[in-house]
Every structure is written in C-alpha cells, then in structure tokens.
Amino acid sequence: MFEKFEEEVKKRLQNAIGLDVDIPLSEPSEEFGDLSTTLCFELARRLRKNPKIIAEELAKKIKPENYIKEVKAVNGYINFYFSEKFAEDVIKTVKKLKGRYGSQEKKNIKVILEHTSANPDGPLHIGHGRNAIIGDSLARILKFSGYDVETQYYVNDMGRQLAVAVFGAKKFGINKDKKNDFAVAEAYVKANKFLEENPEYEKEIAKLMKEYEEGKKDVVKEFHTIADYCLKGIKETLKKINIFHDKFVFESEFVRNGLVYEVVERLKKTKYFEHNEVMQLNLKEFGIEKKLILTRSDGTFLYTTRDIAYHVWKSRNADVVIDIFGADHKLVAEQLKAALRILNEKVPDIIIYEFLTIEGMKMSTRKGRFISLDELIDESIKRAYEEVDKRRKDKDEKFKKSVAEKLGIGAIRFYIARVAPEKHMVFKFSEALDFEKHGLPFVQYAHARICRILEKIELSNDFSVESMDEYEKRLIKLVSKFPKIVNKAAEEKKPSLIANYLINLADAFHRFYMFDRVVGSEKEQFRANLLYSTKIVLANALNLLGIEPLEEM
RNA sequence: GGGCUCGUAGCUCAGCUUGGACAGAGCGACGGCCUUCUAAGCCGUAGGUCGCGGGUUCAAAUCCCGCCGGGCCCGCCA
C-alpha cells in the first residue's frame with residue numbers, strides 16, 4: 001500500500017515540474033513527514049537556481065488531495081504527509097486480503113533452494129541452525145512472493161565423514177538408547193579417535209569409499225542405513241523448529257545416474273580443462289587462482305565435481321537456483337559458479353553466512369565439540385517456561401508449557417533470523433535466550449495484547465478516520481509498508497529485513513497501546529480496525545519466519 | 001603472502017545496494033510510570049572522531065582508493 005502513496009507523490013511531482021526526470025524519494029525522520037524528495041537539489045544545478053526557491057514553487061503547485069494530506073517545502077526538501085483517506089484504504093486492503101496481505105500472485109518461476117545440507121554424521125549444531133533458519137525463512141518469503149519454491153537437502157553420502165561413521169558403527173556399534181543422530185555422532189567420534197591412534201586403518205576408509213563409489217551392493221546398503229538413520233534424527237530436530245524439506249537429494253545419485261561423468265566429459269571439451277596427473281579446471285579467467293580439481297589420481301571424483309553435477313541437474317529443473325552456504329565455502333562457491341558458467345548452465349545465487357562461534361570456541365562435529373540444536377532448543381524452552389511460570393501464576397500447566405515451547409523455539413529462530421548473514425555472530429546463551437526487547441517475546445506480546453483488546457470489541461467495517469495522532473500514524477505507515485518490505489526481502493534474499501520490521505511494528509504498537517485507549521474511546525472502531533490490521537501483519541510476518549503467532553502469553 | 005568478508009554507543013545490532021535535514025534501537029547503568037484493553041510494556045537521563053587517512057560531491061556512516069584490526073578460505077577433505 002505504501003507504494004500507492006509513493007506513486008501518487010511521484011506522479012504529482014512529475015506533473016508539477018513538467019519534465020521527465022527520475023524522482024528520488026526517501027523516508028525522512030518523522031518530524032519531516034512521511035515521504036521526502038531531494039529533487040530540488042538536482043534541479044538547482046540544472047536550472048542555476050536556489051533549491052529552496054524551487055522547492056517552494058513546486059510545493060505550491062501540488063494541491064493536497066486523495067492520499068496526500070499536506071505538502072511542505074523546507075530548506076530545499078519537499079515533504080509529503082499521507083491523508084486519513086490513505087489510512088482508511090490501508091486498513092480496508094489489509095482486512096480484505098488478510099493472510100494474503102503482502103503476498104504476490106503466482107509468478108510461474110520455479111526456484112530450487114538448497115539449505116542445511118549437513119553431513120549425516122551427527123546432530124545439527126547451532127551453525128547448521130543458522131543455515132536452516134536462513135534457508136527456511138527465505139523459502140517462505142519467496143513462496144509468499146509468488147515463487148514456486150522447492151527446498152532441498154543435499155546429503156553428502158560420498159564423503160570421508162560418512163565412511164568413517166560407517167566404519168565406527170561396524171566397529172563400535174550404534175547406541176540404541178540415544179537419539180539417532182547423536183548415536184551416529186558417538187560412533188563417528190570414536191572412529192576418528194581410533195583412526196588417529198591406529199593410522200594403519202586409514203586404508204579401510206579409502207576402501208570403503210572406493211567400494212561405495214563403485215556401487216558394491218553390501219557397502220551401499222551399509223552407507224544408506226547409517227545415513228538414513230542419522231537423517232531421521234536430523235529431521236526430528238528440524239521439525240521442532242518448524243522446518244521441512246521438500247526433497248532429500250543424495251550426492252551419490254549423480255554418480256549412479258552418470259551425470260557426473262557427463263559433466264566431466266563436457267568440461268573436457270572446454271579450454272579450461274587440464275589433464276596432468278589429475279583432471280582439473282583452470283579458472284584464472286574468472287579471477288580464481290586456485291585450480292579446481294575434478295578427480296583424484298585413482299580416478300574417483302571429488303565433492304566439488306559431484307556438486308557441479310548436482311547443480312547442473314538443478315539448473316535443468318528450475319528457473320532459479322539458490323544455495324545457502326557457510327563462510328568456509330566461499331572459494332568453493334566461486335569455483336562452482338565459474339564451472340556452471342563454463343557449462344552454460346544456470347549460475348546459482350549463493351548466500352554465504354558467517355560462522356557462529358561460542359565464546360571463541362569453534363564447533364567441530366569430528367571432535368565432538370559442538371552445541372547441538374537440540375540442546376539449544378531444550379534450554380530455550382526451559383528458560384521460556386521459567387518466564388511464563390513467573391508471570392502467569394493464574395494459568396494452568398498446559399498453558400504454560402504450550403506458550404513456553406512456542407516462545408522458546410520461536411526465540412531461537414528470531415534471534416538468528418534477525419542478524420544479517422554476513423555478520424559474524426558470537427553466540428551467547430544469555431542473549432539468545434534472554435527475553436530482551438529485541439527478541440521474540442516483544443513481538444509476540446504485541447500480538448497477544450491486540451488479541452485481548454479485539455475480544456472486547458465487535459469490529460465493524462463502518463469506521464471513519466477523522467484525524468490521526470502520532471501513534472496511529474506510525475502504525476498505519478508501518479502496516480502499509482509491509483508488502484514493500486516483503487518484496488525487498490525476497491528480491492535481496494534477506495530474511496533479516498522481516499525480523500527487523502517486526503521489531504519496528506511491535507515497537508509502534510506498544511507505544512500506541514501506552515497512550516491510546518481503544519475500548520470505550522471515541523475512536524474505538526478506527527483504532528480497533530487499525531489494531532486488527534496490525535495483528536494480521538504481525539501474524540503474516542511471523543509466519544514468514546516460521547513462527548506461530550501467540551494469541552495469549 | 002593472496003582472495004573474500006566484517007569493523008556504527010561498554011555490549012548486541014539496524015541504517016550502507018538507489019549519497020541528503022541533528023546517526024537509530026535494544027541490553028547494561030541511573031531515575032520515573034500498574035484504581036483504566038496482560039508492566040514480557042511505557043517514559044526520561046547518561047553514553048558515538050559511524051576503525052584510521054585521503055578522494056569524489058553543494059552534501060559521505062553510505063560511493064572510490066590506501067592503511068589498520070577481527071573472521072573465513074587458499075587439500076587429489078567435505
């Protein structure tokens with residue numbers, strides 16, 4: 001809706017100057033209105049006139065009507081204020097569209113979005129969590145924006161890790177008392193330790209890998225059993241945080257179906273291909289000094305080679321390919337893009353997120369040194385329960401547990417989604433699970449408070465807006481901006497925009513709540529309708545982050 | 001050493017793509033606000049050379065160059 005206001009301002013400015021120029025619009029701080037243009041500074045140069053005077057002349061030419069309530073020229077800026085009619089239309093639009101407000105029509109563009117893709121050698125830790133949360137939120141945002149999104153989890157079943165886990169499971173067994181993924185991790189850690197102490201067993205690992213690549217029946221079965229076993233545990237964890245993948249794609253598929261051979265054959269015919277002891281690609285032309293090795297000297301393929309095949313497959317099955325990778329994959333990502341460019345396939349859009357460290361400690365599944373997502377989730381729910389228990393003595397156990405679970409899990413998603421991916425995060429329990437203002441409870445509390453108010457009022461479509469105070473205006477403006485924010489989040493692939501928007505919206509609401517009474521007020525219907533719209537937007541935005549809005553807390 | 005990336009209040013972040021009006025929040029500190037829709041809230045005070053130095057511009061946190069500091073990568077691992 002906000003864009004309608006912008007369009008109108010632009011159109012009216014265009015008419016006023018009578019020149020076909022691009023009109024820069026920006027949102028000034030509140031005291032200067034709702035929209036502002038610096039157009040006059042540019043015109044000043046061209047016309048050799050004082051910008052102040054140009055602004056005043058232009059402002060006079062624009063009559064306030066429809067969505068524009070007021071036009072003011074100040075020091076060369078022209079500032080615009082939106083009208084009560086705009087407010088009414090915003091509310092009506094939200095009421096009409098409800099859950100679809102902010103969404104877009106189907107675009108008929110197929111997107112394959114790969115995220116999480118953790119090795120099946122143990123449970124997900126917080127780092128994987130960042131990947132999964134960014135990926136899942138983005139998938140939701142893109143779907144909402146009209147894209148046809150399929151999420152995929154790429155299972156690295158051909159790497160050394162899984163071979164070591166298989167070796168460990170055979171040698172030490174699988175602890176059936178533990179959750180699947182933790183049991184596999186236990187075998188994996190034991191095996192690593194064993195191999196360090198008995199390096200002569202390394203050749204066993206190499207043999208397993210070779211046999212798996214060759215498709216030796218019983219070995220294939222062993223690998224799949226362990227991978228599936230571990231994945232079952234991983235899926236349970238993902239389910240807890242409301243994440244589901246449409247497809248799990250095994251790396252080995254691309255060896256079995258021959259695509260990786262086909263890809264290598266195609267690469268051989270290009271000028272980038274070199275064959276010394278091993279096959280490799282020279283990517284100097286793409287600004288990459290490091291050569292991309294395609295095969296080992298024993299002829300087996302490397303991870304990146306199979307990943308190229310996977311991406312060729314994705315390229316054929318989608319219009320847009322998106323990957324979420326950790327910062328350690330920066331170089332691989334560039335190599336991958338270059339290889340796909342050479343093959344004339346769709347180049348993936350790769351979102352790189354920086355690592356999460358925990359008080360300076362770097363996580364390693366191999367050494368069994370990590371904080372698992374499961375532990376984090378449990379801890380978060382526990383802390384949330386303590387809070388609910390403290391504040392809602394009047395409620396029964398069932399209520400407290402339910403709220404604690406939703407709040408605890410959502411808080412993790414929110415904490416991680418809020419920060420831009422390129423930012424290195426130092427994970428601190430005290431902050432992630434502290435129910436501070438920038439966290440989820442602040443947002444959920446706004447939603448719950450609105451629900452309480454609306455219970456007491458019968459909403460009518462027959463309301464009018466006579467005037468607006470600063471709190472009402474702030475809310476209207478934010479509500480009207482939601483579609484624009486979603487659009488931006490989808491285009492720039494930044495879920496963090498949604499989270500930060502939610503903080504702003506909740507903040508605007510809480511301030512409104514403090515100063516503007518709804519029930520029994522002269523403006524009861526307008527305000528109730530405004531809050532109803534706010535509630536819808538809060539819920540829609542929370543859903544984009546995979547968080548269920550709370551009716552009560 | 002090379003490549004990529006980040007550097008905004010004591011701490012965690014927003015703003016940077018499309019340069020504009022005194023740089024915004026939260027946490028922490030201090031001081032206030034519950035007879036009225038849940039105080040998981042609100043208001044106020046203190047706290048900033050936007051890493052440093054140049055450049056472009058009427059205008060730079062934002063664009064360009066250099067430097068410094070942190071992170072990641074530079075394996076016939078994944």
Side-chain angles (χ1 to χ4, degrees), chain A residues 22 24-26 28-29 31-32 36-38 41-42 44-45 51 74-77 79 117 119 121 156 158-162 251 277-280 287-290 293-304 306-307 326-334 352 354-355 357 362 384 387-388 390-392 394 407 415 418-420 422-426 428 430-432 434-446 448-457 488 491-492 496-497 499-500 503-504 506-507 509-521 527-528 531 552-553:
Chain A
D22 214 30
L25 285 181
S26 61
S29 58
E31 49 179 315
F32 296 115
S36 174
T37 184
T38 54
F41 295 101
E42 280 173 45
R45 287 187 86 177
V74 185
N75 287 328
Y77 297 87
N79 301 328
S117 301
N119 291 335
D121 57 10
N156 297 313
M158 298 202 85
R160 196 188 121 84
Q161 281 93 332
L162 186 58
E251 191 182 8
E277 314 87 77
V278 294
M279 299 185 209
Q280 58 190 31
I288 303 168
E289 289 298 317
K290 193 78 208 148
I293 313 287
L294 296 166
T295 58
R296 299 191 182 89
S297 41
D298 68 354
T300 56
F301 299 112
L302 277 96
Y303 159 84
T304 319
R306 295 185 292 265
D307 211 14
D328 53 339
H329 282 59
K330 276 179 196 166
L331 179 60
V332 176
E334 287 314 307
I352 303 278
E354 279 295 334
F355 277 152
T357 43
K362 202 188 155 193
E387 289 298 314
V388 183
K390 200 162 67 194
R391 297 165 201 271
R392 301 304 302 267
D394 55 317
L407 215 46
Y415 174 73
R418 216 187 77 210
V419 180
E422 65 272 18
K423 226 94 170 181
H424 178 254
M425 284 179 96
V426 177
K428 289 184 188 146
S430 58
E431 268 162 26
D434 191 17
F435 294 80
E436 39 140 350
K437 232 181 150 186
H438 268 355
L440 181 68
F442 182 71
V443 177
Q444 291 284 25
Y445 190 47
R449 273 179 150 180
I450 293 175
C451 290
R452 281 302 73 65
I453 294 171
L454 294 178
E455 270 171 8
K456 300 179 174 67
I457 296 167
K488 200 176 171 194
E491 240 166 61
E492 297 178 13
S496 61
L497 295 179
N500 285 300
I503 290 169
N504 291 335
D507 182 66
F509 164 75
H510 285 304
R511 278 200 268 172
F512 165 92
Y513 183 90
M514 202 58 200
F515 297 102
D516 288 349
R517 175 103 194 150
V518 181
V519 180
S521 129
R527 287 181 175 166
L531 290 196
E552 191 180 359
M553 63 185 267

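Contacts of A:Glu492 with the nucleic acid, taken as non-hydrogen atoms under 4.0 Å apart, include base atoms. Residue contacts shown for A:Phe41 include a base, since a base heavy atom lies under 4.0 Å away. Nucleic acid contact for A:Leu162: none, since no nucleic acid atom lies under 4.0 Å from a heavy atom of the residue. Counting non-hydrogen atoms under 4.0 angstrom, A:Asp394 reaches nothing in the nucleic acid. A:Glu289 comes within contact range of no nucleotide atom at all, as no heavy-atom separation falls under 4.0 Å. Heavy atoms of A:Arg306 sit under 4.0 angstrom from primed sugar atoms or phosphate atoms, though from no base atom. Across all strands, A:Leu407 comes closer than 4.0 Å to base atoms (heavy-atom distances). If you check every strand for non-hydrogen atoms under 4.0 Å, A:Tyr513 touches a base. A:Ala420 comes within contact range of the sugar-phosphate backbone alone, with a heavy-atom separation under 4.0 Å but no base atom that close. Among the heavy atoms of the strands lying under 4.0 Å from A:Ser36 is at least one base atom, whether or not backbone atoms are also near. Residue-level contact check: A:Glu552 touches the bases, meaning some heavy atom is under 4.0 Å from a base atom.
Of all nucleotides present, only B:rA29 satisfies the Watson-Crick or G-U wobble test against B:rU45, with each distance under 3.5 Å.
As rounded to the nearest Å, B:rU36 and B:rC42 have C1' atoms that lie 15 Å from one another.
A:Lys290 has a side-chain polar atom (N or O) that falls below the 4.0 Å cut-off from OP1 or OP2 of B:rG75. A close approach under 4.0 Å does occur between a side-chain nitrogen or oxygen of A:Arg511 and OP1 or OP2 of B:rC43. Remark: A:Lys423 is in phosphate contact with B:rG7, judged by side-chain N or O atoms under 4.0 Å from OP1 or OP2. A close approach under 4.0 Å does occur between a side-chain nitrogen or oxygen of A:Arg296 and OP1 or OP2 of B:rA78. The phosphate of B:rA40 (OP1 or OP2) has a side-chain N or O of A:Arg391 nearer than 4.0 angstrom. Listed pair A:Arg449 / B:rA40 fails the phosphate criterion, with no side-chain N or O lying under 4.0 Å from OP1 or OP2. Between A:Tyr445 and B:rA40, a side-chain N or O to OP1/OP2 separation shorter than 4.0 Å is present.
For A:Thr295 against B:rC76, a side-chain-to-base donor-acceptor contact under 3.5 Å is absent. For a distance-only test at 3.5 Å, the side chain of A:Asn79 qualifies as a donor-acceptor partner of the base of B:rA21.
Of all nucleotides listed (B:rC37, B:rC42, B:rA14), B:rC37 comes nearest to the side chain of A:Val519. Considering only side-chain atoms of A:Arg418, the nucleotide from B:rC33, B:rC13, B:rG15 that sits closest is B:rC13. Picking from B:rC76, B:rU38, B:rA14 the nucleotide with the shortest atom distance to the side chain of A:Ala448 gives B:rU38. Closest to the side chain of A:Val388, out of B:rA78, B:rU18, B:rA40, is B:rA40. Listed candidates were B:rC72, B:rC42, B:rA78. Nearest to the side chain of A:Asp507 is B:rC42.
Distance CZ (A:Arg452) to C1' (B:rA40): 14 Å, rounded to an integer number of Å. A:Met158 has its CE atom 10 Å from the P atom of B:rA78, to the nearest Å. For the pair A:Phe442 CZ and B:rA40 P, the interatomic distance rounds to 13 Å; values are reported in whole Å. Look at NE2 on A:His438: it is 11 Å from P on B:rC13, rounded to the nearest Å.
A:Asp298 has no carboxylate O lying under 4.0 Å from a charged side-chain N of A:Arg296, or vice versa, which leaves the two without a salt bridge. Using a 4.0 Å cut-off between charged side-chain N and carboxylate O, A:Glu387 and A:Lys390 make a salt bridge.
An anti orientation is assigned to B:rC16, its glycosidic angle lying beyond 90° of 0.
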